Engineer: 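Here it is: the structure, laid out below.
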Amino acid sequence: MNQGGFLNITSEIGKLKAVLLHRPGRELERLTPQYLHELLFDDIPWLKQMKKEHDLFAEAMKSRGTTVYYYEELLEEVLVNREIRQSFIGDIVYNTNIANLELERLIEEFLLSKTPKEVVEIAIAGLHKNDLPEVERELHLVDYIKERHPFYINPLPNLYFTRDPGTVIANGLSINKMKTPARDRETMFLKYIYKHHPTFKGSNTPLWYDYEESHSLEGGDILVLSDKVVAIGCSERTSARGIEVISQRILENTNIEKVLAIEIPFTRAYMHLDTVFTMVDRDKFTIYPGVESHVRAYELTRGKSTPKVKPMDTLEGALKSALKLPAVKLIQSGGGDEITAAREQWNDSTNTLAIAPGVVVTYNRNEASNETLRREGVEVIEIEGSELVRGRGGPRCMSMPLVREDL
Ligand SMILES: NC(=O)NCCC[C@H](N)C(=O)O
């Protein structure tokens, strides 16, 4: 069924051929202590170092044959067309909640005077109130009340976690519905790329989910385990109904026969399934031991209008049965020490990115977890992540695979 189109993801571990990234930019320099929580950060990274680390991350993939695409370049190419640019600017302004038509018009005019590159930059880094040229206008109540908020357009510091707004499943794309307002606008960019970029558009690229739907679904929760099985975490960010809706669609329209819904504790430290559990080889997974006993798995199969649900006894049993494997290995992160495991999980030890079967990219700081993976026969490519990690995501979070070789 996977024919035509550019996108193809039929596993978590097939050789990675193309990936979508975002190189951290000026949006990170707009984080202040006051807005950290709202913008889903716990700390303020150093951008210059972050960029170096991100470039080395991209290089690690390129040197193994992966083509790297960047959000800002694709968007810029799309926005060269004036009509599309106008519509994009209209959508950005509409989504700002400025609630003042005159001001909205001024911002729209300001953005229309910018080049496609500048528009992309503002769309991602935000528009500080000081950046809009002063014009005489009557002040409305909303101007006074919202006066202290520094931005007309909020920055999107989480965009470098490209995993979350979009997910390729089989030959189609899910443009996800983000749970929090801080990340809402990220998904709109993907819609423009999907609709208008020559590499991505095409009638044979189905859309499995749309950000305009009502139930949250984030990419960090979606793991394409094989051409027949997808796992979706039910988490702080991804709703049970969102899982049902997308599952029924992929069960009806692809070769996928089962979706494993994996319930994890709803808490910030484990915001998505991939912060505690990732696939590293055909029958190997890494898992944060602190979460193992709290995880519940449900097997979903195609139903009439919504999937049939079967609760499973254990995660291990559910994986074995769905993947039709005689055994699976759950590799515990942290090298068997409870404190080390918790510390390293906070720094994304279990957020591995497989770039081929049994070959993963991880942060070098998670020494015990990396060592454990190696002992289990996994090749570990370490990258520096002292600044990148401050946004609370690892190599898997920072990548949106577009094309993998089938296994
Ligand atoms: N897949 C992931 O777990 N992504 C990490 C997202 C971190 C970001 N600061 C967030 O809270 O959404």
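We count ligands from 1, going down the list as the structure has it; atoms in each ligand are counted the same way. These figures come from a predicted structure and were not determined experimentally.
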Engineer: Can Arg249 and Glu213 be counted as an ion pair, charged N to O under 4.0 angstrom?
Structural biologist: yes
Engineer: Does a salt bridge link Lys329 with Asp283, judged by any charged N lying under 4.0 Å from a carboxylate O?
Structural biologist: no
Engineer: Can I get a per-line list of side-chain donor-acceptor pairs under 3.5 Å for residues 315-326, giving both atom names and the distance, sequence neighbours left out?
Structural biologist:
none

Engineer: Under a plain distance cut-off of 3.5 Å, with no hydrogens placed, do Tyr298 and Glu263 share a side-chain donor-acceptor pair?
Structural biologist: yes
Engineer: Name the residues with a heavy atom less than 4.0 Å from ligand 1?
Structural biologist: Leu40, Asn158, Phe161, Asp164, Arg183, Gly220, Arg237, Arg268, Met271, His272, Asp274, Thr275, Gly391, Arg392, Cys397
Engineer: With sequence neighbours excluded, what pairs up with His37 under the ring pair (Phe, Tyr, Trp, His ring centres under 6.0 Å) test?
Structural biologist: none
Engineer: Please list all pairs passing the ring-ring contact (aromatic ring centres under 6.0 Å, His included) test where one or both residues lie in residues 247-273, with sequence neighbours left out.
Structural biologist: Tyr270-Tyr288
